[in-house]
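First the proteins, then the strands, lettered A, B, ... as listed; each starts at 1. Nothing here was measured: the structure is a model prediction, and the numbers come from that model.
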Amino acid sequence: MSVRPKMKELSLEERKAGFDEVEKGLARHQALPEASRCLFCHEAPCVTGCIAGIDVVGFIRRLKTRNFIGAARLAREANVFSAVCARVCPSEEQCEKPCSSTNLAEPIAISALHRFITDEELKRGIRPQKAGAPTGKKVSIIGAGPAGLTCAHELGRLGHEVTVFEAEDAPGGLMIHGIPRYRLPREIVSAEIEYALSPGVKMRTGVSVGKDISFDGVRKDSDAVFIGIGLGYRSELNTPGHDLPGVLQAGEFLRMAALGDVPELSGTVAVIGGGNVAMDAACSAVRAGASEVIVLYRRREEDMPAWEREREFAKKEGVKFQCLTVPQKFIEKDGRLTAIECVSTKLGKLDSSGRPRPEVIPGSEHTIDVDTVILATGQAPWPELSSVFGGIRLSSSGTIEVDPETLATSVEGIFAGGDAVNRGQTVVQAVADGKLAAKSINDLLS
Amino acid sequence: MVDLSLEFCGVKFPNPFTLAAAPTTDSAEMIARAFEAGWGGAILKTTSVETEVVELVYPMMSGIDLEDKKLMGLQNIDLISERHIDEVEKDVKTLKKEFPDKVVAASIMGAKKEDWQQLVRRLEAAGVDLIECSFSCPHGMPERGMGSTIGQDPELTERTARWVKEAATRVPIVIKLTPQIADITSAAAAVKRSGADGVCAINTLKSMIGVDLDTFIPYPNVGGYSTYGGYSGPAIKPVTLRCVAEIAKSVDIPIAAVGGISTWSDAVEFLLLGATNIQLCTAVMHNGFRIIEDLIDGLSVYLEEKGMNSVKELVGKALPYIVDHSKLSRDYQVVSSVNRETCIKCDVCYIACMDGAHQAIELDENRLPVIDEDKCKGCGMCETVCPVEECITLKPRES
Ligand SMILES: Cc1cc2nc3c(=O)[nH]c(=O)nc-3n(C[C@H](O)[C@H](O)[C@H](O)COP(=O)(O)OP(=O)(O)OC[C@H]3O[C@@H](n4cnc5c(N)ncnc54)[C@H](O)[C@@H]3O)c2cc1C
Ligand SMILES: Cc1cc2nc3c(=O)[nH]c(=O)nc-3n(C[C@H](O)[C@H](O)[C@H](O)COP(=O)(O)O)c2cc1C
Ligand code: SF4
Ligand code: SF4
């Protein structure tokens with residue numbers, strides 16, 4: 001039995017030196033034996049594990065017979081952002097989790113195989129799609145993240161006239177402005193955005209709906225609207241000193257890094273938070289020149305919302321985790337951040353999220369000397385949601401409320417999906433939402 | 001979209017992929033499912049007249065694995081179908097009605113002239129598109145003077161094929177051949193002489209798949225005894241390739257290829273060697289009707305990449321490159337070359353060259369193989385064993 005292959009990676013020195021992609025993909029002689037390790041199960045569990053509905057076993061069979069392009073097309077048919085998802089999906093929690101091969105040895109390296117076929121496809125260029133026969137119906141999409149672009153693509157193929165409005169200068173959402181390049185190179189996102197737009201989708205960048213044009217105008221002009229505006233990545237931590245120079249917002253820091261303009265750092269950097277954004281901020285800080293990076297988190301490592309793979313990735317790059325620690329105050333000297341005053345916590349009773357609540361240990365105050373702090377404690381719905389998109393019912397957490405079966409909002413003809421709705425926060429969830437909304441919109445319009 | 005349709009013996013198949021006569025085609029219900037999945041045609045499992053006694057034994061299947069890979073080969077001691085012509089007639093009618101665009105073929109076997117001819121007449125009346133005659137089952141049936149007994153004798157082959165062809169007024173007759181004959185082209189030539197329309201190569205190879213080390217009873221164990229069976233699956237593909245090529249090069253007759261075909265690329269090889277119909281059995285028994293999706297997609301993408309519009313463009317393209325051994329150039333010389341970047345230093349090539357070839361590989365201080373070009377004859381053994389794709393290549397020698 002051959003074993004699950006590992007991709008080649010950049011060395012630690014190379015990783016620190018810049019934002020080049022760390023994982024290098026499987027070689028052909030790794031991918032083929034791995035594909036032939038697949039059991040080709042009946043009603044394959046891997047397929048049920050993919051929320052975008054990729055026929056996993058189908059693409060593995062095509063890969064195994066060296067029909068790489070056929071394999072790639074099969075995956076792409078279900079997921080417009082096939083190559084992106086092959087890199088950023090938490091596959092160990094999705095398709096790979098129920099894999100039957102786990103009971104023989106290890107789950108099939110589905111993500112790595114998926115990446116292999118998309119790499120083969122990208123080498124030749126993705127075959128664009130044509131717009132469907134015109135239906136005469138107009139759909140507007142607000143937000144060009146994976147949710148909006150997927151929805152636009154599907155509707156374009158069905159012949160609807162689709163226009164996407166994007167506040168930023170470039171489409172892509174967090175695939176362009178969030179996820180670090182060393183995990184997701186820009187060329188890949190760009191190639192897939194081009195594919196997403198290929199069935200005659202009109203793209204209007206630099207147009208913020210609510211600011212530059214009114215939502216009502218967009219609505220009146222269209223037969224249906226899809227809202228895929230994502231979330232705002234801003235920490236609401238009000239720790240004293242949070243507005244000092246030297247205290248950065250992770251969202252903004254990662255955005256600059258993603259645009260190729262990372263702020264130069266030095267000395268010790270503390271990242272506050274335990275999610276994936278914190279891990280990405282920490283590893284980006286490593287690349288930005290920090291000599292030491294510490295993640296401060298108020299519970300234990302195993303309670304971190306960051307995926308295990310992301311935590312291991314960060315640890316490999318020398319990022320230290322200081323758990324059960326809460327910052328109380330950012331301390332300055334001559335207007336410059338110099339240290340964090342922290343307290344230690346212990347875990348108490350379970351809270352509403354089912355995790356033990358961190359309780360401050362009296363007398364545990366201590367300081368940590370730092371040069372920079374990056375706040376990575378949260379993302380929240382855009383505050384202007386209710387005013388701009390007036391009339392749409394919001395959930396208690398401030399996201400858009402939708403019917404989970406159709407993604408219809410409380411207002412007829414308006415649909416929403418992706419981060420703006422579920423806070424599930426994965427690209428693949430956004431893709432799945434985009435597809436579902438496109439189906440509902442098409443049903444409504446035909 | 002590329003055109004996958006292909007004519008075989010005057011019958012148009014929507015795609016060349018056809019279910020061979022086997023357990024996968026032993027009922028209309030199964031074939032209907034296969035057609036729905038995308039198969040172009042099916043040959044109902046071999047049937048016979050009502051008076052023919054067919055008594056099966058169980059278990060009848062045994063596989064041989066290549067280490068951890070299941071089913072490199074499959075042996076069966078199945079016989080022809082237990083379902084006689086009366087039932088097969090009905091299946092043909094049902095299937096033709098439900099799937100007018102698919103090719104519904106039947107396979108027959110008879111003990112005497114009247115049987116063969118009766119089978120043909122009744123199937124024609126039922127509306128069958130093509131009839132295949134098994135002259136080739138290597139186990140069980142030969143004990144009764146049927147199956148490969150006929151196929152191994154060109155005279156018997158010609159005579160029997162004539163009987164069948166005589167009875168047929170409308171449908172083409174295809175004779176399924178056995179590879180168990182010194183010269184398969186003599187059997188194909190006999191079919192040609194008989195006036196029958198095509199050949200199908202090959203049926204299974206007579207085999208014994210293994211022996212139980214504890215009971216000493218060979219597999220499969222049927223109540224304490226075993227017997228010889230018919231060998232199929234990926235392991236026999238090279239034999240089928242050879243048979244198809246030999247026939248295509250010497251007899252002008254349509255050929256259906258069967259034996260060891262599992263993937264679209266196998267199919268391409270057979271088309272290149274001149275086959276115009278592609279049949280599968282073991283691969284379907286292993287992975288199900290659904291493999292048709294991969295077969296069709298793989299073949300389509302391949303044709304597209306080659307810039308071809310139709311599968312017809314492939315047929316026979318490899319044949320000009322096959323010559324007798326004596327015609328091969330003695331001046332053509334190659335030498336092995338190792339890619340030092342991708343080599344994983346397993347030194348499997350070293351062992352193979354040391355103990356199986358010309359002692360032309362040395363290892364440097366990093367265990368990297370170094371080819372001694374003076375000693376290397378370019379036999380290709382090292383390339384054959386290297387686990388890394390395109391790591392060892394044979395390059396023409398500069399003379
Ligand atoms: C640092 C980081 C790392 C991540 N890592 C991963 C990962 O590894 N794997 C994974 O699956 N997911 C990851 N995610 C999450 C993933 O990026 C998101 O879940 C996904 O991008 C959500 O897609 P979306 O289309 O809903 O929204 P977004 O990608 O946020 O796109 C929304 C778009 O709408 C635009 N917009 C907003 N308001 C307006 C308006 N009023 N008018 C016009 N346009 C507007 C925005 O500019 C943006 O371009 C990560 C996120 C971050 C921040
Ligand atoms: C279980 C079994 C039963 C078969 N029965 C028949 C049969 O009834 N008639 C026939 O012509 N061939 C029969 N065959 C032979 C197949 O049609 C085919 O020629 C052979 O299996 C080689 O093809 P493969 O390698 O794709 O299996 C049988 C094969 C198997 C494995
Ligand atoms: S569950 Fe695992 S073994 Fe089964 S088909 Fe999917 S990838 Fe293959
Ligand atoms: S068999 Fe291939 S990989 Fe192994 S040592 Fe030889 S050249 Fe290198």
**Prompt:** Looking at P33(A), G58(A), A71(A), C41(A), which one has more heavy-atom pairs under 4.5 Å with chain B than the rest?
**Reply:**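 When all of P33(A), G58(A), A71(A), C41(A) are compared, C41(A) has the most.
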
**Request:** Could you tell me which of K64(A), R124(A), Q30(A) has the largest number of non-hydrogen atom pairs under 4.5 Å with chain B?
**Result:**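 Of K64(A), R124(A), Q30(A), R124(A) has the most heavy-atom pairs under 4.5 Å with chain B.
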
**Asked** What residues, two or more places apart in sequence or in another chain, satisfy side chain to side chain contact (heavy atoms under 4.5 Å, CB included) together with S62(B)?
**Response**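 By the side chain to side chain contact (heavy atoms under 4.5 Å, CB included) rule, S62(B) matches I209(B), Y219(B), P220(B).
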
**Prompt:** Between F17(B) and W39(B), what is the ring plane arrangement, given parallel below 30°, perpendicular above 60°, and tilted in between?
**Reply:**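 It falls in the perpendicular class, over 60°.
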
**Criterion ring-ring contact (aromatic ring centres under 6.0 Å, His included) on F116(A) and F68(A), from CA distance to verdict** = CA-CA 9 Å; F116(A) 175 81; F68(A) 303 141; 5.1 Å; yes

**Message:** For the interface with chain A, which of E305(B), E67(B), K70(B) has the highest count of heavy-atom pairs at distances below 4.5 Å?
**Reply:**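 Of E305(B), E67(B), K70(B), E305(B) has the most heavy-atom pairs under 4.5 Å with chain A.
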
**For R290(B), all residues meeting salt bridge (charged side-chain N to carboxylate O under 4.0 Å, His left out), sequence neighbours excluded** =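 Scan of R290(B) (salt bridge (charged side-chain N to carboxylate O under 4.0 Å, His left out), adjacent residues dropped) gives none.
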
**Prompt:** More than 12 foreign heavy atoms under 6.0 Å from CD of E194(A): is that the case here?
**Reply:**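 Not more than 12 within 6.0 Å, no.
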
**Message:** Can you tell me which portion of E304(B) sits under 4.5 Å from chain A's heavy atoms? Options are side chain, backbone, both or neither.
**Reply:**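 The side chain, not the backbone.
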
**Asked** For D294(B), is it the side chain, the backbone, both or neither that has a heavy atom under 4.5 Å from a heavy atom of chain A?
**Response**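 When you check distances to chain A, atoms from both the backbone and side chain of D294(B) fall under 4.5 Å.
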
**Message:** Taking the basic N atoms (NZ, or NE/NH1/NH2) and the acidic carboxylate oxygens, is any pair closer than 4.0 Å for E121(A) and R127(A)?
**Reply:**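 No.
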
**Prompt:** Side chain, backbone, both or neither: which part of L32(A) has a heavy atom under 4.5 Å from chain B?
**Reply:**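 It is the side chain, since no backbone atom gets that close.
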
**Prompt:** Side chain, backbone, both or neither: which part of R66(A) has an atom under 4.5 Å from a heavy atom of chain B?
**Reply:**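 Contact with chain B is through both the backbone and side chain of R66(A).
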
